[in-house]
Amino acid sequence: MQAPSPNELDCSKLFTWADTSDGVSMLITEQVRQRILQAAAEAQAKGLFPAIATPEVQVERPSKEEHGDFACSLPLKLARAVRMNPMEIARRLVPMVPLGEEMEKVEAAPPGFLNIFLRESWLQRQVDAIVEAGPAYSNVDAGQGHRVQVEFVSVNPTGPVHVGHTRGAVLGSTLANVLKAAGYQVTREYYINDAGNQMELFYASLYARYLQAVGQDAQLPNGGYQGAYLVDEAKEIVAAHGDRFAKMSREQAIREVGELGLRRMLEVIRQDLAAIGVEFDQWFSEKGLFESSQYQRTVELLRQGGHLAEREGAIWFVSTALGEDKDNVMVRSNGLPTYFASDAAYHYNKFAVRGFDRVINIWGADHQGHVPRLKAVVGALGLEPSRLTVIIAQMVALKRGNERVKASKRKGEIVTLRDLVAEVGPDACRFFFLARSPESQMEFDLELAQKQSQENPVYYVQYAHARIAGILRNAEEQGLDFRRGDVALLRAPEEMALIRKLVLLPELVQSVADTLQPHHLPHYATELATAFHWFYDHCRVITDDPALTSARLKLVEASGVILARSLELMGVSAPQRM
RNA sequence: GUCCCAGUAGCUCAGCGGAUAGAGCGGCUGCCUUCUAAGCAGCGGGCCGGGGGUUCGAAUCCCUCCUGGGACGCCA
C-alpha cells in the first residue's frame, strides 16, 4: 500500500469540520475521497492491478443527476500506468469501496468513471443536523484558529468612496466573513494613507476652499482636488469654527484645517461603507509608522541585509538582486520616503510586529504592478512571501446608458458609493459585485442596474427566504410543533434535490476559504433558491397530514437556516417578508 | 516594447482537465378557488476570439496571433 504523501495528510486535516451534534466529522466530499483511496490501496494489495503510486484522487460533483452525487476519474488516470482498460479498473475498484452509512452504491461508468450515490437516509439525517446546528452547520475548521488579516478598500482619505472601490469593499468583507466561518481568526483592516503628497495636496485644496467660503480670494493649488464635496466640507468647517483659520499663518491653518478635513473625510468613508455592510476591526494609520519609528526600523533592517543602495541622491531597494526587473526608490533625493517605503514598513508591521500568520490585501488593478516588489521586500525582511496574498480586483467601468463615466477624484467627477446605494440599494449592490470573479473587468451600467433592480437575482434569492419565513409564520400561528418530525418521510424528488443543495454549504465555505473566490456564493444561493422554489411549487408543506407536515416543516426550517446563512456570508439581508 | 487581466447565448456573467457547455436578464408559450406569481413549467438561442500543439479526453493546460482593459515615475 502506498503511504499517503505528507500533502495528502495535510489536506485531510484541512477538510475536517466540527460543530455537529455527533462531534467532529469530515466533509462528505473528503470522506468519499478517502474511501476511494482506501479502495485503490486494497485493490493493489490484492493484486487486482499493479501497485503504482496512486495519483492525486479528485472527487467532483457531476452536473448530471444520473452520474450520482460524486464522480471520480481515478480509473482513467490510472489506465496508462497500469496498462489496463480504464473500465476494467473501475469495475475492479467498485466492490472495494467501503460504503459505510453514507453511500448507497458505487457504479462503474464508461469510459472509466466511478459514480458515487449517497444514501437517502444519510441525506435525510442532514436535515436534522442542520436544524440542530443552526448556522454553525456551515462552519469548517480549515483555518484552525490561524490569524489572518484582510486589508481592503484603503482608499486615500482625500474624497468619498466611489463605485470602483466598492467592488473591493464587497469582496473583502465577504472574504472576511467566509474565512471566519472557515475557522480563521480574522482582522478586517483599513490602511489610512494619511502621509505623503496626496494628503498635502488635499489639505491645501481644502484650505483654499475654506478661504473661499469665508469670502477670500483663493486659488486651488496646481493639480488640486476640484470636487464639489470639498466646497461643502469647507462650508461646514466655517459653520462649526467660523473664520478663525483665516487669521492664522497659512502653514498652521493648512495643518489645522487639514486635520479637521481628514477626520471628517474618514467619517464620511466609514459611514458610506457601513451603508453596504462593510465594517472594519482596525483603521491603521500610515503616519503612525513614522511616529512610532517602525518605518525607520524597517529601513534599517533592509540596510543591514544589504538590500539598499544610494544612487543619484536617493536610496534604492535593490530588487534586481532578488530577480526583479528594476530597483525601486525608497527614499527620494529630497529625503522623503516613497509610498513603497511605508508599504514595506506596513507589511513588516503586519507580520513581524502584529504576528499575522497570513495577510490578504485587496488592491485595484491599477496597483497590480506593485505586487512583485512588495513580495520581494517582504522576503528581504526575512519573512515568507507566501504568507502574503494580493488579490487584484479588476476595474469597474462606469456607464450611464451609452455614455461612459470617467471617475476622477481630483476632477471631481465621481459616482460615489453613496449615489450607488441610493440608486440600487445595498443588497443588490453587494450581490451584483459579488457575482463576478474579481479578475474579470466589469461594466456597471448605472441605468441598467437601476432598471434591473426589480428583476435582479438577489430578489429571487431573498424571495425564497421570505417564502420560508411565511410558511414558518403560518405554522406557528397554527400552533404546529414539528420538532418530532420524521425526516425519513422526505422522499419526493423535489425534497431530495433541496436537501442535496443544503448539504453543499460547508463544502462551499471550505472551497471559498481555500481559493479566496467568493463569487461562487451568489451562484450557490441562486441554485439553493431555485431548489426551494421548485419544492414549494410541488410540495405543499402544511396539509392535513400531520406527519408529512412536520417533516416538511423541518426541511423548510433547515432551508431557512442555510439560505439565511449564505446571505449572511455575502452581507445581504434575509427578509422575513417581501 | 515588457508585464498582468479578460474574450463563452442578443446582454451581464459562471464553468478553468472529464461524460450532451450553464445561469440570470431580454424574446416567445402556458400555469394563481390551495402556505407570497418578486414564483413554476416549456420553447428558441453557441465554430467557448483565430490557429497550432499536449492528452484516453481541452472552453479549461502549452505556444502563437488578434481584440479590449490595466500597469510599467525620486505619484499614490
Side-chain angles (χ1 to χ4, degrees), chain A residues 58 60 62-64 66-67 71-73 76-77 79-80 85-86 109-113 115 154-156 158 193 195-199 201 223 286 311-316 325-326 328-343 364-372 392-395 397 432 435-445 448-449 451-464 466-475 477-478 519-520 522-523 526-527 529-530 532-543 549 552-553 556 575 577-578:
Chain A
Q58 280 170 351
E60 58 169 307
S63 47
K64 296 177 100 55
E66 61 264 35
H67 295 147
C72 180
S73 60
L76 285 160
K77 293 197 160 73
R80 174 186 284 267
N85 180 313
F113 288 102
N115 289 338
S154 301
V155 176
N156 279 3
T158 54
N193 287 110
N197 287 351
Q198 291 306 315
M199 283 320 289
L201 202 53
E286 178 186 11
R311 208 158 62 222
E312 300 153 37
I315 297 173
W316 298 70
D325 290 345
K326 56 189 173 179
N328 297 99
V329 172
M330 297 207 82
V331 183
R332 289 175 275 203
S333 47
N334 64 8
L336 295 175
T338 60
Y339 157 89
F340 173 58
S342 53
D343 236 25
D366 51 342
H367 290 69
Q368 153 260 118
H370 303 187
V371 177
I392 300 297
Q394 289 297 322
M395 300 264 115
F432 189 89
R436 283 144 184 81
S437 74
E439 63 266 22
S440 65
Q441 298 142 216
M442 57 183 287
E443 220 165 55
F444 202 120
D445 185 335
L448 196 70
K451 200 164 59 185
Q452 268 190 345
S453 64
Q454 282 310 303
E455 296 299 329
N456 195 300
V458 71
Y459 297 104
Y460 177 85
V461 176
Q462 289 181 316
Y463 185 55
R467 274 183 154 175
I468 288 168
I471 295 172
L472 294 176
R473 256 195 318 273
N474 289 338
E477 280 163 15
Q478 296 177 32
H519 66 274
H520 297 288
H523 290 102
T526 306
E527 282 178 15
T530 298
F532 183 80
H533 286 310
W534 194 49
F535 160 78
Y536 179 92
D537 275 317
H538 291 85
C539 305
R540 168 125 196 133
V541 176
I542 300 175
T543 63
T549 298
R552 285 187 171 164
L553 280 171
V556 170
R577 291 170 207 272
M578 282 175 78

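Quantities reported herein were computed from a predicted structural model and do not represent experimental measurements. Below, chains carry the letters A, B, ... as their sequence lines are ordered, and counting in each starts from 1.
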| Base, sugar-phosphate, or nothing: which does A:Pro457 touch, judged by heavy atoms less than 4.0 Å apart? | sugar-phosphate
| Distance-only donor-acceptor test, A:Gln58 side-chain atoms vs B:rG17 base atoms, 3.5 Å | no
| field | Sugar-phosphate, base or nothing in reach of A:Asn85, heavy atoms under 4.0 Å | value | nothing
| field | C1'-based separation of B:rG10 from B:rC28 [nearest Å] | value | 14 Å
| request: Using the C1' atom on both, measure B:rG73 against B:rU12 and round to a whole Å. | output: 37 Å
| message | I'd like the P distance from B:rC48 over to B:rU20, given in whole Å. | response | 15 Å
| May A:Phe113 be described as stacking on the base of B:rA19, applying a 5.5 Å centroid limit and a 30° limit on plane angle? | yes
| field | Whole angstrom value for the distance that separates P of B:rA76 from CD of A:Gln368 | value | 18 Å
| message | Does B:rA37 have its OP1 or OP2 closer than 4.0 Å to a side-chain nitrogen or oxygen of A:Tyr459? | response | no
| task | Check the geometry between A:His67 and B:rA19 and answer yes if their rings are stacked (centres below 5.5 Å, planes below 30°), otherwise no. | result | yes
| message | How many whole angstroms separate atom CE of A:Met330 from atom P of B:rG73? | response | 17 Å
| said: Check this for me: does the side-chain of A:His538 come within 3.5 Å of the base of B:rA41 through a donor and an acceptor? | reply: no
| said: Classify A:His520 by what it touches in the nucleic acid, base, sugar-phosphate, or nothing, heavy-atom distance under 4.0 Å. | reply: sugar-phosphate
| request: Examine the base of B:rA37 for any acceptor or donor lying under 3.5 Å from a partner atom in the side chain of A:Asp537, and report the outcome as yes or no. | output: no
| field | Between C1' of B:rA37 and CH2 of A:Trp534, the distance in whole Å | value | 19 Å
| said: Measure CE/A:Met442 against C1'/B:rG7 and give the value in whole Å, please. | reply: 17 Å
| task | Kindly indicate whether the side chain of A:Thr338 and the base of B:rC74 share any N or O donor-acceptor pair separated by less than 3.5 Å? | result | no
| message | Would the distance check show the side chain of A:Arg540 and the main-chain N or O of A:Ile542 forming a donor-acceptor pair, the cut-off being under 3.5 Å? | response | yes
| field | Whole-Å gap separating C1' (B:rU20) and NZ (A:Lys64) | value | 5 Å
| Is it the case that A:Arg467 places NZ or CZ above or below the six-membered ring of A:Tyr536, under 6.0 angstrom from the centre and within 45 degrees of the axis? | yes
